[in-house]
Every structure is written in C-alpha cells, then in structure tokens.
Peer 1: 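Got a structure here, written out as structure tokens. Questions coming.
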Amino acid sequence: VKISSKASTGKPVFHYSADIRLENKIPLEGTVIIPDLAESDIYDGAAFYENGTLFHGPRFQAVERVINMSERGMTMECRIPTIPVKDQGQFRAGTFNPYAADVQFQSMLIWVRHFMNSGSLPSQAAEGIHYANVPEGKKFYVTLKIVKKADSSVIADIFTHDREGNVFTQVRGAEVTVSKQLNTLFVKAV
C-alpha cells in the first residue's frame, strides 16, 4: 500500500508505504501483556497539547494522563474523543481506528521531550499488528517500551491495551527522528 498525492507538476509524491497481511484468525501470541499500571509519575495529558510537546488538534487528543515514566518506557491512560462519522473524512474509524493508532506515536513524542528535551516525529515502524478496536469512549492504556535510544532517533515497542492487559494494537520497532529544532516548530503549531 502506498499513500501519495500529486505535485503541481502532476507527478506523484509518496508519503507512506506499508506491506499489509490480512489473516482470518487472530494469533494468540502477543495478545496479552502484563501492564504496569503503577501510578508513580503522574502528568496531566492536556498539558502536552498546550505546551508544544504534542501538536495534535482536538480530535487526536486522546492522552488523559501519563501514570508512570522511566528511562525504559511509560504508561499512559487514554480515551479517544467521540467523533461523528460525518466529521471523520475519508479515513473513517471502522475495523481500524486511526485516532487510536495515532496516540501510540504520541507516547514516543512525550517520552522524547521528557528525557531528551527535544521534539520528534515518527519516521517508520517495523511492524504493526491490529487485533481489535479500542472501545469508543472508554479508557484504555498505551504502554511504551524503549528498545534503542540514540541522539537523533528512538526506537520502541508500543502496546494499546485495556486494564487487564488485553492488547488491541501493537507496534514493533516504532521509530521517531529526534531534533531540538522541532521544539520551536511545535510551540508555533499550538
């Protein structure tokens, strides 16, 4: 799958690409994790959208609060805003909800800003597995596990799950590009 647009010259401009595999049966491996729901480092989610850590508009503002954070990762409590179908545009939430998927990468932007004092933007993911949709209007959790950290990039595994650890979606090898120059750009976007 390739997502593209047309340049003013009429030539295609490619934005994203992915290999997609559909399966009839959900594999059991990876569908449950042991969540860390300890409330040790509490941060209000709204602050991240106001202080330039995140630049997302109201429909993508799902982070309610961070409940723990360390050099190894973090856990966030989230809830997707209810968005009327008529307002969802061409990529409507159905068997896959892009609003819930986006909050996974938001966890990386929060972690990078906190530990590296830099902005970051998603650049790629090795694998994404979607098991089930996050229930609309209900609380869910995003768990970030740092795999590798360098000055200009961070790689992590990210899990969206319920309180019991049942995984809705996981992203392995999620990568963001890190740059202090993004700090000022994000503040301007707010």
Side-chain angles (χ1 to χ4, degrees), residues 1-3 15-38 45 48-49 53-69 72-83 85 87-112 120-148 153-177:
V1 175
K2 291 188 180 195
I3 297 176
H15 303 285
Y16 299 98
S17 67
D19 293 327
I20 297 176
R21 183 181 75 230
L22 303 174
E23 295 188 15
N24 286 332
K25 189 174 180 183
I26 295 174
L28 294 177
E29 182 183 330
T31 60
V32 178
I33 63 168
I34 299 171
D36 177 5
L37 302 180
F48 299 117
Y49 300 104
T53 299
L54 299 173
F55 50 83
H56 303 75
R59 295 192 172 131
F60 286 91
Q61 293 180 4
V63 179
E64 290 191 340
R65 62 190 191 131
V66 170
I67 61 173
N68 60 59
M69 190 177 332
R72 295 185 316 267
M74 64 186 263
T75 303
M76 303 185 316
E77 215 173 61
C78 303
R79 186 181 319 264
I80 303 166
T82 301
I83 303 164
V85 172
D87 294 339
Q88 292 182 27
Q90 64 182 350
F91 301 110
R92 294 185 176 130
T95 55
F96 179 78
N97 189 325
Y99 303 98
D102 191 78
V103 77
Q104 291 179 300
F105 274 98
Q106 290 180 36
S107 69
M108 293 188 76
L109 277 63
I110 292 169
W111 189 92
V112 166
S120 58
L121 287 171
S123 56
Q124 66 178 350
E127 179 180 43
I129 303 172
H130 177 70
Y131 301 109
N133 269 342
V134 170
E136 188 176 321
K138 297 199 178 191
K139 187 186 312 184
F140 66 97
Y141 299 87
V142 173
T143 295
L144 171 76
K145 296 182 178 186
I146 300 301
V147 173
K148 183 179 176 185
S153 67
V154 172
I155 299 173
D157 294 335
I158 312 167
F159 302 85
T160 301
H161 57 89
D162 64 15
R163 184 166 194 77
E164 290 73 37
N166 297 302
V167 176
F168 300 115
T169 305
Q170 63 178 296
V171 179
R172 299 216 180 262
E175 185 172 351
V176 292
T177 300

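Only heavy atoms go into these numbers, but all of them, side chains included; no hydrogens, no water, no symmetry mates.
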Peer 1: Where do Val63 and Cys78 come nearest, in terms of heavy atoms and distance?
Peer 2: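 Heavy atoms only, the tightest pair is CA-SG, 4.1 Å.
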Peer 1: Within the distance-only criterion (no hydrogens, no angle test), does the side chain of Arg79 pair as donor or acceptor with the backbone N or O of Ala62 below 3.5 angstrom?
Peer 2: no
Peer 1: Are the charged groups of Lys145 and Asp157 less than 4.0 angstrom apart, N to O?
Peer 2: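 Result for this pair is no, no salt bridge flagged.
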Peer 1: Does one side chain, of Arg172 or Gln170, offer a donor that lies under 3.5 Å from an acceptor on the other?
Peer 2: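 The answer is yes; a qualifying pair exists.
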Peer 1: Run the side-chain contact (heavy atoms from CB on, under 4.5 Å) test on Leu121 and Phe55 for me, step by step, so that the C-alpha distance in whole Å, both residues' side-chain angles and the decisive distance to 0.1 Å come before the verdict.
Peer 2: CA-CA 11 Å; Leu121 287 171; Phe55 50 83; 3.9 Å; yes
Peer 1: Would you indicate whether the side-chain heavy atoms of Tyr141 and Thr160 approach each other to under 4.5 Å?
Peer 2: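 Thr160 does not reach Tyr141 side chain to side chain.
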Peer 1: A side-chain contact here means heavy atoms from C-beta on lying under 4.5 Å apart; do Val142 and His161 qualify?
Peer 2: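 No; the side chains remain at least 4.5 Å from each other.
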Peer 1: For the residue pair Val176 and Val112, establish whether any side-chain heavy-atom pair is separated by less than 4.5 Å.
Peer 2: yes
Peer 1: Side chains of Leu109 and Phe48: closer than 4.5 Å at any heavy-atom pair?
Peer 2: no
Peer 1: Measure from the side-chain N and O atoms of Gln106 to the backbone N and O of Leu54, and report whether any donor-acceptor pair falls under 3.5 Å.
Peer 2: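 No; judged by distance alone, with no hydrogens or angles, the pair does not exist.
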Peer 1: What's the spacing between Phe159 CZ and Phe168 CZ if we round to 0.5 Å?
Peer 2: 14.0 Å
Peer 1: Apply the test side-chain contact (heavy atoms from CB on, under 4.5 Å) to residues Met76 and Thr143: give CA-CA distance (whole Å), side-chain angles for both, the deciding distance (0.1 Å), then the verdict.
Peer 2: CA-CA 7 Å; Met76 303 185 316; Thr143 295; over 6 Å; no
Peer 1: Taking atom CE of Met108 and atom CD of Glu175, what is their separation to the nearest 0.5 Å?
Peer 2: 7.5 Å
Peer 1: Can you sort out the partners of Arg65 under salt bridge (charged side-chain N to carboxylate O under 4.0 Å, His left out), two or more places apart, ordered by chain and number?
Peer 2: Glu39, Glu77
Peer 1: Would you say Thr31 and Asn166 make side-chain contact, with heavy atoms under 4.5 Å?
Peer 2: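 Side chain of Thr31 against side chain of Asn166, heavy atoms only: no contact under 4.5 Å found.
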Peer 1: Over all heavy atoms of both residues, which pair between Pro58 and Pro81 is shortest? Give the atoms and the distance, please.
Peer 2: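 Taking every non-hydrogen atom into account, O-CG, 3.5 Å.
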Peer 1: Working to the nearest 0.5 angstrom, can you tell me the gap between Ser120 OG and Phe105 CZ?
Peer 2: 10.0 Å
Peer 1: Can you see which heavy atom on Ala125 is nearest to which on Val171, and at what distance?
Peer 2: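 Heavy atoms of Ala125 and Val171 come nearest at CB-CG1, 3.7 Å.
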Peer 1: Does the side chain of Leu37 reach to within under 4.5 Å of the side chain of Thr75, using non-hydrogen atoms?
Peer 2: yes
Peer 1: Without swapping roles, check the side chain of Asp36 against the backbone of Ala38 for a donor-acceptor pair under 3.5 Å.
Peer 2: yes
Peer 1: Answer whether the closest heavy-atom distance between the side chains of Ser107 and Ile158 falls below 4.5 Å.
Peer 2: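 A side-chain contact under 4.5 Å exists here.
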Peer 1: For Phe140 and Ile80, run side-chain contact (heavy atoms from CB on, under 4.5 Å): C-alpha distance rounded to whole Å, both residues' side-chain angles, the deciding distance at 0.1 Å, then the answer.
Peer 2: CA-CA 9 Å; Phe140 66 97; Ile80 303 166; 3.6 Å; yes
Peer 1: List the residues meeting salt bridge (charged side-chain N to carboxylate O under 4.0 Å, His left out) with Asp162, not counting sequence neighbours, and say none if there are none.
Peer 2: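 Checked Asp162 against salt bridge (charged side-chain N to carboxylate O under 4.0 Å, His left out); zero matches.
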Peer 1: Testing the 3.5 Å rule here: is there a donor-acceptor pair between the side chains of Thr169 and Gln104?
Peer 2: no
